[in-house]
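What you see below is based on every heavy atom in this structure, not just the backbone, and it leaves out hydrogens, waters and symmetry mates. Chain naming here is simple, since letters A, B, ... match the order of the sequence lines and numbering starts at 1 in each.
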Amino acid sequence: MIIAAAEKPRVVIILGPTAAGKTRAAIEMAPRFSGEIISADSMQVYRYLNIGTAKPKAEEQRSVRHHLIDVVDPDEEYSAARFAEEAGLCIEKIIAQGKVPFIVGGTGLYIDSLLGGLIEGPPADPELRAYYKRHAVQHGSSDLHQLLHRRDAAAAARIHPHDTVRIIRALEVWEYTGRSIVSRQRDHGFKEERYYCIKIGLNAERSHLFERISERATRMIQDGLIQEVEDLLSRGYPDRCLPLQSFSYRSVMEFLKGKLSIEEMHSIIARDTRHYAKRQLTWFKRDNHIVWFKPRESDRIEETVRQFLESPDTRPVD
RNA sequence: GGGUCGGUAGCUCAGUCGGUAGAGCACGGGACUGAAAAUCCCGGUGUCGGCAGUUCGAUUCUGCCCUGACCCA
């Protein structure tokens with residue numbers, strides 16, 4: 001008896017730095033291939049954060065089915081692991097309907113953990129994290145790094161003494177499993193390959209991208225970003241909660257406290273967004289499976305997606 | 001017209017008792033495995049306003065010019 005190898009689910013990924021035109025491209029492409037969109041954006045999962053996260057507008061979300069937008073409240077926790085799990089379920093459902101999943105977003109870690117899985121490890125322990133964070137504030141992050149060094153020297157060697165977030169995660173993994181986070185990372189490398197995918201990268205010339213970022217910041221303010229923040233605060237969400245600490249929102253709160261003029265607020269939002277775009281590009285650059293396009297190259301993108309969807313399931317050669 | 005204080009990196013400024021200069025931010029590069037729009041690391045990119053003088057050597061001292069702010073007329 002011959003057992004045919006089960007084909008891996010086919011998914012289309014659209015990724016790239018912020019403001020490169022991913023949303024637009026996705027809304028244009030998905031209907032042509034009877035696709036549904038799964039947002040891979042760590043901020044668009046939050047309800048009520050619409051303008052500042054450049055969430056697709058209501059009518060855009062109606063034109064194509066969207067998933068993993070507005071799934072948690074702003075004071076809830078979300079994580080790469082949860083994303084990978086939920087996005088995986090969405091993919092199953094979409095494929096069961098004979099449709100094509102389009103994963104669209106700029107959160108590189110989310111995309112990689114969906115495609116390649118995360119290392120085995122304990123979930124976040126908020127109390128433990130708060131405890132170590134206090135320690136770092138009182139004694140300095142280097143002191144916390146010393147503590148990690150005593151328990152898990154291999155992890156300490158790979159994590160910078162100032163990188164509090166990673167020091168804490170390494171300690172968390174150590175305490176729950178008694179094993180080093182690095183021994184797990186070493187062989188993992190997001191290599192799992194759960195899906196057969198094409199990665200469409202969207203990017204523009206740096207100067208052009210920066211112009212788009214500045215224009216978008218202007219538009220967000222015109223569209224009512226300040227009101228959005230006031231609404232969030234009046235709903236009772238504390239300004240400390242994670243999504244409100246993200247770049248578009250924290251500057252608005254500084255403005256509301258009178259610490260920034262509106263012009264300063266705009267330029268700081270634009271600056272922080274530029275920095276973010278650069279970090280995203282650094283993340284994506286090391287992935288040589290991405291096929292890069294400029295914004296507005298719909299025809300070429302469509303052609304590439306079509307070839308991928310019609311091709312037999314053979315992995316492209318590196 | 002006279003006077004005072006300025007002109008140094010993209011911006012704000014420091015500095016050189018004469019040996020061609022350095023901070024913050026911007027900007028560039030990088031890391032990243034359950035916080036990732038988070039967190040962190042590395043990098044100075046320059047006719048020192050212009051021209052002349054003194055000097056072995058001038059961004060630094062002198063003179064003139066240009067230019068900005070302020071003050072007096």
> Can you tell which of C32(B), U39(B), G34(B) lies closest to the side chain of Ala81(A)?
Replying inline: G34(B)
>> Using a 4.0 Å heavy-atom cut-off, does Ile168(A) contact any base of the nucleic acid, only the sugar-phosphate backbone, or nothing at all?
In response: base
> Under a 4.5 Å cut-off applied to non-hydrogen side-chain atoms, are Ile198(A) and Thr304(A) in contact?
Replying inline: yes
>> Return a single string for nucleotides 23-30 of chain B, one symbol per nucleotide in 5' to 3' order, where B is base contact, S is sugar-phosphate-only contact and - is none, cutoff 4.0 angstrom on heavy atoms.
In response: --SSSBBB
> What pairs with Glu310(A) under side chain to side chain contact (heavy atoms under 4.5 Å, CB included), at least two apart in sequence or on another chain?
Replying inline: Arg306(A)
> Restricting to pairs with a member in residues 126-136 of chain A, which pass salt bridge (Lys or Arg N to Asp or Glu O under 4.0 Å), not counting sequence neighbours?
Replying inline: Arg129(A)-Glu172(A)
> Looking at A38(B), does its base get a donor-acceptor pair with the side chain of Arg166(A) below 3.5 Å?
Replying inline: yes
>> For Glu60(A), is there an ion pair with Arg24(A) - N to carboxylate O distance below 4.0 angstrom?
In response: no
> Gly108(A) near the nucleic acid: base, sugar-phosphate alone, or nothing, with a heavy-atom cut-off under 4.0 Å?
Replying inline: nothing
> Is the phosphate of A36(B), meaning OP1 or OP2, less than 4.0 Å from a side-chain N or O of Tyr110(A)?
Replying inline: yes
>> Going by salt bridge (Lys or Arg N to Asp or Glu O under 4.0 Å), name the pairs with one or both residues in residues 203-228 of chain A, residues two or more places apart or in two chains.
In response: none
Between the protein and nucleotides 41-45 of chain B, which nitrogen or oxygen pairs come in under 3.5 angstrom?
from: C41(B); atom 1: OP1; to: His162(A); atom 2: ND1; distance (Å): 2.7

>> Need one value for Thr273(A): base, sugar-phosphate or nothing, where a base atom within 4.0 Å counts as base even if backbone is also close, heavy atoms only.
In response: nothing
> Using Watson-Crick and G-U wobble pairs with both distances under 3.5 Å, what is the 5'-to-3' dot-bracket string of RNA chain B, with [ ] for crossing pairs and | for pairs outside the strand?
Replying inline: (((((((..((((.....[..))))((((((.......))))).)...(((((..]....)))))))))))).
> Taking the side chain of Arg286(A) as heavy atoms from C-beta outward, which of C32(B), U39(B), G34(B) is closest to it?
Replying inline: C32(B)
